[in-house]
Chemist: 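Before I ask anything, let me first share the structure, which is written out below as structure tokens.
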Amino acid sequence: MRGNRQTARPLEGRVAVVTGAARGVGEALARSLSEAGMRVALLGRERATLREAAEALPGPSLCIECDVTDRAALADAAHGVAAGLGPASVVVANAGIAVSGPFDRTAADLWQRVIDVNLTGSADTARAFLPQLTSTRGYFLQIASTAAFGAAPMMSAYCASKAGAESFALALRGEVEPDGVQVGIAYLHWTGTDMLTGIDDHPVLEALRRNQPRPARRVHSPAQVAQWLTRGVTHRAPQIYAPPWLRWCQPLRPLFPALVARAARRELRSLPREELSSPAEVLGAGGQADWNSFRTSRAASPPGG
């Protein structure tokens with residue numbers, strides 16, 4: 001009887017950590033893992049929204065306001081998770097922001113912030129929780145994107161960060177497998193988070209979506225994506241595709257950069273010059289909250305601090 005219960009709910013009683021859990025895919029995944037029986041630690045930037053997400057979970061939870069670019073804060077968060085819920089068996093590096101706009105119209109600090117959150121923040125998350133994952137022989141899941149398949153103009157920081165995050169996870173996999181830790185990479189396509197709100201107002205992104213085959217244009221809900229991710233976490237999958245048919249695109253990856261460049265070039269040529277020279281903007285409420293917090297903390301720091 002006990003063995004049957006464990007087979008039916010293999011995640012039950014284990015501890016999961018999800019970064020970027022205040023909204024979107026992170027919030028939906030925290031809920032899905034909680035429904036699967038896990039004790040879930042939600043890490044994120046927006047205190048009130050994070051607390052609401054944690055309180056809505058059906059199982060034990062812990063919410064920790066934390067900037068994934070702050071290594072000291074991540075170390076404290078790791079100690080808090082171990083003390084409050086137990087050592088993590090699953091860690092999901094989901095925190096991410098995006099900026100849309102021309103590279104030369106994107107402030108250097110803003111471009112760097114995307115890299116810091118999406119790439120360096122993922123590595124620092126792994127660094128903070130790797131001792132726990134080693135002790136539990138756990139599973140680290142890096143949330144990547146089809147942006148790693150073919151880089152889109154006007155999204156240089158986001159595409160660079162997601163390609164880098166994929167490479168980081170692949171390198172980490174070979175290092176930690178001998179210790180019993182498995183590393184998965186999740187490739188997400190069009191997902192209905194606030195990052196995609198108003199996608200039709202971004203000409204290049206709208207054109208890329210419009211030029212894709214009809215099944216590839218579909219925007220999937222965070223709840224559906226969270227179900228695919230939870231299934232992958234359950235099986236400690238090396239790759240998770242959301243939607244699942246994306247796995248068949250892997251052999252075609254060498255073709256994607258040229259196809260994306262061709263569609264983007266055609267669209268860029270048709271745009272008025274003023275649209276191409278407009279300043280870059282942070283996409284989504286979560287990204288805007290992170291950028292606002294970052295600027296506030298930087299302004300409050302003393303010179304040289």
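Heavy-atom basis, side chains included; hydrogens, waters and symmetry copies ignored.
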Chemist: Any pair with a residue in residues 141-157 that passes side-chain hydrogen bond (donor to acceptor under 3.5 Å, both in side chains), sequence neighbours left out, goes on the list, sorted by first then second residue, please.
Modeler: Trp111-Ser156, Ser122-Gln142, Thr146-His189
Chemist: Run the side chain to side chain contact (heavy atoms under 4.5 Å, CB included) test against Gln227 and tell me which residues pass, sequence neighbours left out.
Modeler: Gln224
Chemist: Could you report the tightest heavy-atom contact between Leu57 and Ser34, atom names first, then the distance?
Modeler: CB-OG, 3.6 Å
Chemist: Please collect all salt bridge (charged side-chain N to carboxylate O under 4.0 Å, His left out) contacts where either partner lies in residues 153-167, sequence neighbours excluded, each pair once.
Modeler: Glu166-Arg253
Chemist: Keeping to residues at least two apart or across chains, list the salt bridge (charged side-chain N to carboxylate O under 4.0 Å, His left out) pairs with something in residues 287-297.
Modeler: Arg45-Asp290, Arg113-Asp290
Chemist: Rounded to the nearest 0.5 Å, how far does CZ of Phe140 lie from OG1 of Thr125?
Modeler: 6.5 Å
Chemist: What pairs meet the side-chain hydrogen bond (donor to acceptor under 3.5 Å, both in side chains) rule with one or both residues in residues 55-66, with sequence neighbours excluded?
Modeler: Arg47-Glu65
Chemist: Determine, stepwise, if the pair Val90 / Leu141 fulfils side chain to side chain contact (heavy atoms under 4.5 Å, CB included).
Modeler: CA-CA 8 Å; Val90 172; Leu141 177 61; 5.6 Å; no
Chemist: Could you pull out all residues at least two apart from Pro131 that satisfy side chain to side chain contact (heavy atoms under 4.5 Å, CB included)?
Modeler: none
Chemist: Hey, could you give me the CZ/CG distance between Arg39 and Leu33, rounded to the nearest 0.5 Å?
Modeler: 13.5 Å
Chemist: Would you call Ile97 and Trp291 a side-chain contact if the rule is heavy atoms closer than 4.5 Å?
Modeler: no
Chemist: Going by side chain to side chain contact (heavy atoms under 4.5 Å, CB included), name the residues that satisfy it together with Ser135, two or more places apart in sequence or in a different chain.
Modeler: Pro87
Chemist: Taking atom CZ of Arg105 and atom CG of Leu110, what is their separation to the nearest 0.5 Å?
Modeler: 13.0 Å
Chemist: Mind checking the CG-CD spacing from Asn94 to Glu27? Nearest 0.5 Å is all I need.
Modeler: 11.0 Å
Chemist: Where do Leu29 and Thr230 come nearest, in terms of heavy atoms and distance?
Modeler: CD1-OG1, 3.6 Å
Chemist: Not counting sequence neighbours, which residues clear side chain to side chain contact (heavy atoms under 4.5 Å, CB included) with Asp116? List them please.
Modeler: Thr69, Gln112, Thr120
Chemist: Testing the basics here: between Ala186 and Leu229, what is the closest heavy-atom pair and its distance to 0.1 Å?
Modeler: CB-CD2, 3.5 Å
Chemist: Which residue pairs satisfy the side-chain hydrogen bond (donor to acceptor under 3.5 Å, both in side chains) criterion with at least one member in residues 74-93, sequence neighbours excluded?
Modeler: none
Chemist: Residues in ring pair (Phe, Tyr, Trp, His ring centres under 6.0 Å) with Phe168, at least two apart?
Modeler: none
Chemist: Counting C-beta onward and ignoring hydrogens, is there a side-chain heavy-atom pair between Met155 and Leu283 closer than 4.5 Å?
Modeler: yes
Chemist: Identify the heavy atoms of Thr234 and Pro10 that sit nearest to each other, and give their distance.
Modeler: CG2-CG, 3.3 Å
Chemist: Minimum heavy-atom separation for Leu50 and Gly44, please, with both atom names.
Modeler: CD2-N, 3.6 Å
Chemist: When you measure from the side chain of Arg173 to the backbone of Pro238, do you find a donor-acceptor pair of N or O atoms at a distance under 3.5 Å?
Modeler: yes
Chemist: Can a donor-acceptor pair be found, under 3.5 Å and without considering hydrogens, that links the side chain of Thr49 to the backbone of Ala22?
Modeler: no
Chemist: So for atom CZ, which belongs to Arg71, do other residues, nucleotides or ligands contribute more than 12 heavy atoms lying within a distance under 6.0 Å?
Modeler: no
Chemist: Is there a side-chain contact between Ile64 and Leu43 (heavy atoms, below 4.5 Å)?
Modeler: yes
Chemist: As an exercise, state the distance from CG of Asp124 to CG of Leu74, rounded to the nearest 0.5 Å.
Modeler: 6.5 Å
Chemist: Would you mind listing every salt bridge (charged side-chain N to carboxylate O under 4.0 Å, His left out) that reaches into residues 139-150, with sequence neighbours excluded?
Modeler: none
Chemist: Applying salt bridge (Lys or Arg N to Asp or Glu O under 4.0 Å), can you list everything that pairs with Asp109, at least two apart in sequence or on another chain?
Modeler: Arg298
Chemist: Taking Tyr158 for the side chain and Gly96 for the main chain, is one N or O donor matched with an acceptor at less than 3.5 Å?
Modeler: no
Chemist: Drop me the distance from Ile185's CD1 to Tyr241's OH, to the nearest 0.5 angstrom.
Modeler: 8.5 Å
Chemist: Looking at every heavy atom in both Ala78 and Gln132, which two are closest together, and how far apart are they?
Modeler: O-NE2, 2.9 Å
Chemist: Under the 3.5 angstrom rule, does the side chain of Arg14 hit a backbone N or O of Gly37 as a donor-acceptor pair?
Modeler: no
